[in-house]
Every structure is written in structure tokens, then in C-alpha cells.
Amino acid sequence: MSDNNTTPQIKYDVFVSFRGKDIRQDFLSHLVEAFDMKRIYAFVDNKLEKGEKIWKSLVEAIEGSLISLIIFSQGYASSHWCLEELEKIHECKEKYGQIIIPVFYHLEPTHVRYQSSDAFEKAFAKHGKKYESKVQQWRDILKKSADLSGIESSNFK
């Protein structure tokens, strides 16, 4: 699917990209419940079938979604999986016109744009050792994401 410009078959309304440790037990559970109530079919990684290849399944879910909701949290950049998803999400925006909605959960867009918090700095110091060739790409895609109009959790109760 990703090798050509043919629009993928849509399977999900929303793909949710998030760092599980940060939001799975609170914010995400409420979000999924709200999606269910509104009959919004969302892909969250708990929909992965046991025995499936994780990355292949994530790519198919990203490509097969109308919207990608990226929930940026303090630990988001510490996950290379999240950063890889983010790259794929932006590729789908460019190729297929997918809508991207960033959510800034307990941080400001500037923290993501400039990776200025301690958590982002530590994450990139760690990634620099193992994924040196990818770090600048990931920094650029975070900045690009933070430049999109999004939702700041601090503006809501």
C-alpha cells in the first residue's frame, strides 16, 4: 500500500498515537469511551491481534485511518515506536491528505516544537546512541507536528 499513491482503503475513523505509560490508564480510557459513545471507530494498539507483526499492523492502521490523533505527553519522544509512527502519519498526510490533530497532554506546543523539556532532552540523548541517523528527522517531525493547530489539555477540565 505505501509503495504507491493509491489511496488506501479506510478501516478506521481515527488512529491514536500515544505513549502508553503516560496516558493508557486515565486519559486514553476516557477518550476511547467517548469514541465508543459517539460511534467513532478508533485504532488503539490494544486492537493488535496476538501473533501479528506489530510494525506492519501499525502501518496498515495508520494508512487506513481518516484522521491521526497524536497525543503528545512528556514521555512521547522516549519511545522510538511513537516517533516512527509520527513519521508514517506525516507521510500519510502528504500522500493521502490524512488529517493530523495534535493533542498536547500536560505540556505546551512549544515543548514539542523545541523539545525543550528535560524529558525530551533525555529521550534524544538516549536515542542518539542507538538511532543516531534518525534523531534529526524525529526532531524535525516533532517541530512540524507542533506547528499544526491542536488541542492543549490545560484548556479543558
Side-chain angles (χ1 to χ4, degrees), residues 1-3 5 8 12-32 35 42-48 52-157:
M1 227 186 306
S2 32
D3 293 336
N5 283 331
Y12 302 100
D13 298 312
V14 179
F15 176 87
V16 184
S17 178
F18 63 96
R19 176 71 170 142
K21 288 180 184 178
D22 294 351
I23 70 161
R24 189 180 302 277
Q25 299 305 319
D26 51 30
F27 180 77
L28 184 66
S29 62
H30 297 292
L31 181 65
V32 168
F35 283 156
F43 179 90
V44 178
D45 65 4
N46 63 356
K47 285 195 166 68
L48 289 171
E52 280 187 278
K53 294 230 181 247
I54 295 170
W55 182 245
K56 181 179 184 284
S57 298
L58 290 173
V59 167
E60 288 173 0
I62 293 167
E63 290 179 343
S65 298
L66 290 170
I67 297 169
S68 280
L69 185 71
I70 307 162
I71 305 172
F72 291 111
S73 58
Q74 285 294 333
Y76 188 89
S78 67
S79 166
H80 80 278
W81 286 99
C82 288
L83 297 169
E84 294 286 353
E85 285 177 7
L86 190 58
E87 281 188 294
K88 185 64 183 175
I89 288 166
H90 276 274
E91 179 185 311
C92 288
K93 177 181 177 18
E94 291 168 18
K95 269 184 158 175
Y96 313 120
Q98 188 179 88
I99 297 166
I100 298 175
I101 302 172
V103 175
F104 303 96
Y105 183 71
H106 294 302
L107 47 78
E108 296 176 20
T110 56
H111 293 134
V112 176
R113 185 175 294 116
Y114 302 114
Q115 298 103 52
S116 57
S117 71
D118 284 345
F120 279 90
E121 288 177 13
K122 286 177 185 171
F124 281 109
K126 183 183 113 194
H127 291 320
K129 295 173 186 163
K130 189 171 181 182
Y131 305 102
E132 186 178 347
S133 64
K134 300 283 289 186
V135 167
Q136 191 55 53
Q137 277 178 265
W138 289 341
R139 285 184 176 279
D140 293 344
I141 208 76
L142 282 165
K143 182 179 183 330
K144 191 174 184 179
S145 299
D147 286 342
L148 297 171
S149 179
I151 300 165
E152 291 182 56
S153 68
S154 62
N155 294 336
F156 298 93
K157 293 183 181 184

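Numbers here simply count residues along the sequence, with the first being 1.
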Using 4.0 Å as the upper bound for N to carboxylate O, is an ion pair formed by Lys143 and Asp147?
-> yes

Output the distance between atom CG (Leu69) and atom CD1 (Ile99), rounded to the nearest 0.5 Å.
-> 11.5 Å

Quick one: do Arg113 and Thr110 satisfy side chain to side chain contact (heavy atoms under 4.5 Å, CB included)? Show the steps, please.
-> CA-CA 5 Å; Arg113 185 175 294 116; Thr110 56; 3.6 Å; yes

May I have the step-by-step check of salt bridge (Lys or Arg N to Asp or Glu O under 4.0 Å) for Lys88 and Glu85, ending in yes or no?
-> CA-CA 5 Å; Lys88 185 64 183 175; Glu85 285 177 7; over 6 Å; no

Report yes if some heavy atom in the side chain of His106 is under 4.5 Å from a heavy atom in the side chain of Gln74; otherwise report no.
-> no

Determine whether Lys134 and Glu87 make a side-chain contact, defined as any pair of heavy atoms from C-beta on separated by less than 4.5 Å.
-> yes

Does a side-chain heavy-atom distance below 4.5 Å link Val16 with Ile71?
-> yes

Is there a donor-acceptor pair under 3.5 Å between the side chain of Ser153 and the backbone N or O of Phe104?
-> yes

Using a 4.5 Å cut-off on heavy atoms from C-beta on, say whether the side chain of Leu86 contacts that of Lys144.
-> no

Going by heavy atoms in the side chains, are Trp138 and Glu84 under 4.5 Å from each other?
-> yes

Between His127 and His80, what is the shortest heavy-atom contact and its length?
-> CE1-N, 3.8 Å

Verify, without hydrogens or angle tests, whether Glu132 (side chain) and Lys129 (backbone) share a donor-acceptor contact under 3.5 angstrom.
-> no

In Å and rounded to the nearest 0.5 Å, what is the OH to CZ distance from Tyr12 to Phe35?
-> 13.5 Å

Under the 3.5 angstrom rule, does the side chain of Gln98 hit a backbone N or O of Ser65 as a donor-acceptor pair?
-> yes

Is any side-chain heavy atom of Leu148 less than 4.5 Å from a side-chain heavy atom of Lys93?
-> yes

May I ask you to test the Leu28-Asp22 pair for a side-chain heavy-atom distance under 4.5 Å?
-> no

Hey, does Pro109 have a side-chain heavy atom less than 4.5 Å from the side chain of Glu152?
-> yes

Under 3.5 Å donor-acceptor, His111 side chain and Glu108 backbone = yes

Enter the distance from Ile67:CD1 to Ile101:CD1 here, rounded to the nearest 0.5 Å.
-> 5.0 Å

Given Glu63 and Lys95, is the salt bridge (Lys or Arg N to Asp or Glu O under 4.0 Å) satisfied, shown in steps?
-> CA-CA 10 Å; Glu63 290 179 343; Lys95 269 184 158 175; 5.7 Å; no

With rounding to the nearest 0.5 Å, note down the distance linking CD1 in Ile62 to CZ in Phe43.
-> 8.5 Å

Judged by atom type as modelled, is there a donor-acceptor pair below 3.5 Å linking the side chain of Ser79 to the main-chain atoms of Tyr76?
-> no

Ala77 to Phe124 - nearest heavy-atom pair and separation | CB-CE1, 4.2 Å

Closest approach of Glu121 to Ser116 (non-hydrogen atoms, all atoms of both residues) = OE2-O, 3.5 Å

If you look at every heavy atom in Ser78 and Arg19, which pair is closest and at what distance?
-> OG-NE, 3.4 Å

Parallel, tilted or perpendicular for Phe27 and Tyr105, by the 30°/60° rule?
-> tilted

State, to 0.1 Å, how close Ser73 and Leu107 come at their nearest heavy-atom pair, and which atoms those are.
-> C-CD2, 3.4 Å

Take Asp45 and Trp81 through the side chain to side chain contact (heavy atoms under 4.5 Å, CB included) test and state the conclusion after the steps.
-> CA-CA 11 Å; Asp45 65 4; Trp81 286 99; over 6 Å; no

Might you point out which heavy atoms bring Pro102 and Ser145 nearest each other, and give the distance in Å?
-> CG-O, 3.7 Å

